[in-house]
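Because the structure is predicted, anything quoted here is derived from the model rather than measured.
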Amino acid sequence: MPEGQHKNIFVIGLDDANLPTLRAVPHADTYRFHRLLSIEELQEGEVSVPDLMDRARAVLDAHDGSVDAIVGYWDFPVSVLVPLLGKEYGVRTTSLESVVKCEHKYWSRLEQRKVTDALPRFGRVDLDSDDPRPPEGVAFPMWLKPALAYSSELAFGVADMAEFREAVEAIRKGIARVGRPFDAVLDMLELPPEMRGVGGQVCLAEEAMTGLQVAVEGYVHDGEVTVYGILDSVNYPGSPCFLRHQYPSSLPAPVIRELRDVSTRTMRQIGVDDATFSIEYFYDPKTGGVSLLEINPRHSQSHAELFDYVDGAPNHHRMISLALGQDPSLPGGRGPYRTAAKWYYRWFGDGTVHEVPSPERIAAIEREIPGVRVDVVPDEGQKLSTVSQQDSYSYEVAHIFTGGADEEDMRRKFDRCVAALGLTFDDTEPGGRGGNPG
């Protein structure tokens, strides 16, 4: 195809791990993918949205050719840079307000409450108080979290006042890194009365939800909400940390219908359009009820391989199609495997990692075990506590993607990959353990 006929797609935070799945979407031979800012620029230290906008403009303005789409699959600041840059460069995105309504956990809860009861009791915690207390009507056990954070950073499950105070102190120390730049974004919007004076450096408390975790992926195209995938999230035994995400979900049909209904009503209320979304829920088998955990105004890049394994195309396809003004629908079930999973090989104590396999060795493992892909997170000799974007309870040492005939087939592949990687750890604190799924 002549160069001028290719669509130039600028991906904010384009990373090497996602490049193969971007190139696996339908019609990828007609696209040119360009990196717009690096992961390091976007996530290290305190973010400056104006500075990132200037850097992005420099790249876009220097580009010799059309700018056909600006997309991203990461949380803040990527999520807000997409609509800000999209408006400036005349490409299709959802609105900045709709993104912030998803990203700001407190504002998001206020919007959800208007259309569904499928959410926990919640409220704000006064971080400036000399004696901070749980919000009235919110009972232990509960979760404390900033209004905005990367992954599960600074999210704490607390069972009593002693743990509550410890969590508040940790959030006080770390909330400004993302909260301060988020304040600048909120200043760009005309806020409703219930959000005036709330700001970005606010702490949310909400009652703990129980049951099975599940993720809903979908998109909004020309105002029409479509749910295209539902995935089960399975935790390590006795831990709040993910062991794997598995697609498709094995939940009963009535539960699937309820998840679709709540997701559709919520996304219509928030006003997302021409964009993907991912919503996390809890399903309680005892009551049959679902509870909404949080909304992400983007699809999950970590699920790309799973959709490719089962449906024959990565979920990146929907993001790209929407940005280009095209219908993103695809038939399901056209991939080589009946089910797929992303496994998290974790270590539950700090330590230094050794014997990290070379890229050549990882490629060999992927050849030896059909239907797997492996990403090792830390570098050789790195102390796990220095790896960025980790949750408060464990350290991710590898992500292992598997496609299989059934769950047992995938479990065998995961165990083989863990053994083949041969990672070792020293200086491990008491409680450290690895990827045994129990």
[X], [atom1]: over 12 other non-hydrogen atoms inside 6.0 angstrom:
{"X": "E408", "atom1": "CD", "answer": "yes"}
{"X": "D117", "atom1": "CG", "answer": "no"}
{"X": "D16", "atom1": "CG", "answer": "no"}
{"X": "R57", "atom1": "CZ", "answer": "yes"}

Might you work through the salt bridge (charged side-chain N to carboxylate O under 4.0 Å, His left out) test for R133 and D131, ending with a clear yes or no?
-> CA-CA 6 Å; R133 295 279 173 174; D131 184 24; 3.1 Å; yes
Please answer whether the main-chain N or O of [Y] pairs with a side-chain N or O of [X] as donor and acceptor at a distance below 3.5 Å.
{"X": "Q382", "Y": "V353", "result": "no"}
{"X": "D350", "Y": "S385", "result": "yes"}
{"X": "R121", "Y": "G137", "result": "yes"}
{"X": "S239", "Y": "Y236", "result": "no"}
{"X": "S263", "Y": "L259", "result": "yes"}
{"X": "R35", "Y": "L14", "result": "yes"}
{"X": "D183", "Y": "G200", "result": "yes"}
{"X": "R172", "Y": "L127", "result": "yes"}
{"X": "S278", "Y": "S300", "result": "no"}
{"X": "D284", "Y": "K286", "result": "yes"}

Exactly one candidate in L52, I70, I39 meets side chain to side chain contact (heavy atoms under 4.5 Å, CB included) with I12; the answer is I70
Step through it carefully: locate the ring centre of H399, locate the ring centre of Y344, and say whether they are under 6.0 Å apart.
-> yes
Ring centres under 6.0 angstrom apart (Y395, W347) = no
Quick one: pull up [atom1] in [X] and [atom2] in [Y] and give me the separation to the nearest 0.5 Å.
{"X": "Y309", "Y": "M410", "atom1": "OH", "atom2": "CE", "answer": "11.0 Å"}
{"X": "F164", "Y": "F156", "atom1": "CZ", "atom2": "CZ", "answer": "12.5 Å"}
{"X": "L60", "Y": "E88", "atom1": "CG", "atom2": "CD", "answer": "9.0 Å"}
{"X": "S321", "Y": "D327", "atom1": "OG", "atom2": "CG", "answer": "8.0 Å"}
{"X": "L148", "Y": "H104", "atom1": "CG", "atom2": "NE2", "answer": "8.0 Å"}
{"X": "R318", "Y": "F277", "atom1": "CZ", "atom2": "CZ", "answer": "11.5 Å"}

So, do [X] and [Y] sit near enough that their side-chain heavy atoms are less than 4.5 Å apart?
{"X": "L22", "Y": "M319", "value": "yes"}
{"X": "P141", "Y": "V158", "value": "no"}
{"X": "D68", "Y": "F10", "value": "no"}
{"X": "M142", "Y": "P120", "value": "no"}
{"X": "L84", "Y": "V49", "value": "yes"}
{"X": "V178", "Y": "V47", "value": "no"}
{"X": "L144", "Y": "V125", "value": "yes"}
{"X": "D426", "Y": "H354", "value": "yes"}

Nearest heavy atoms of E355 and L423, plus distance in Å | O-CD2, 3.9 Å
Provide the closest heavy-atom pair for C241 versus F348 in the form atom of the first, atom of the second, distance.
-> SG-CE2, 4.1 Å
Are [X] and [Y] close enough that a side-chain donor and a side-chain acceptor fall under 3.5 Å?
{"X": "N8", "Y": "Y31", "value": "no"}
{"X": "Q301", "Y": "N18", "value": "yes"}
{"X": "T266", "Y": "Q112", "value": "no"}
{"X": "D232", "Y": "S249", "value": "yes"}
{"X": "H63", "Y": "H34", "value": "no"}
{"X": "Y219", "Y": "D273", "value": "no"}
{"X": "Q213", "Y": "Y281", "value": "no"}
{"X": "T402", "Y": "W343", "value": "yes"}
{"X": "S108", "Y": "E111", "value": "no"}
{"X": "D308", "Y": "T21", "value": "no"}

Going through the checks in order, is the salt bridge (charged side-chain N to carboxylate O under 4.0 Å, His left out) test met by E407 and R244?
-> CA-CA 11 Å; E407 184 179 314; R244 70 178 183 273; 3.0 Å; yes
Stepwise, does the side-chain hydrogen bond (donor to acceptor under 3.5 Å, both in side chains) test hold for Y345 with E396?
-> CA-CA 6 Å; Y345 176 21; E396 298 172 13; over 6 Å; no
Mind checking whether Y73 and H299 have parallel, tilted or perpendicular rings, split at 30° and 60°?
-> perpendicular
If the plane angle is over 60° it's perpendicular, under 30° parallel, otherwise tilted; pick one for F307 and H303.
-> tilted
Do the charged groups of [X] and [Y] touch, with an N to O distance under 4.0 Å?
{"X": "R55", "Y": "D51", "answer": "yes"}
{"X": "R265", "Y": "D261", "answer": "yes"}
{"X": "R109", "Y": "E294", "answer": "no"}
{"X": "R165", "Y": "E169", "answer": "no"}
{"X": "K105", "Y": "E206", "answer": "no"}

Under the side chain to side chain contact (heavy atoms under 4.5 Å, CB included) rule, what do M53 and L81 come out as? Steps first, then yes or no, please.
-> CA-CA 7 Å; M53 287 288 290; L81 291 173; 3.6 Å; yes
Please assess F282 against L212 for the test side chain to side chain contact (heavy atoms under 4.5 Å, CB included), listing each intermediate value before the final yes or no.
-> CA-CA 5 Å; F282 276 89; L212 308 174; over 6 Å; no
Could you go through the side chain to side chain contact (heavy atoms under 4.5 Å, CB included) check for I230 and R260 one step at a time?
-> CA-CA 9 Å; I230 299 179; R260 290 178 180 274; 4.3 Å; yes
Can you list the steps and then say if I279 with N296 is a side chain to side chain contact (heavy atoms under 4.5 Å, CB included)?
-> CA-CA 6 Å; I279 309 180; N296 301 299; over 6 Å; no
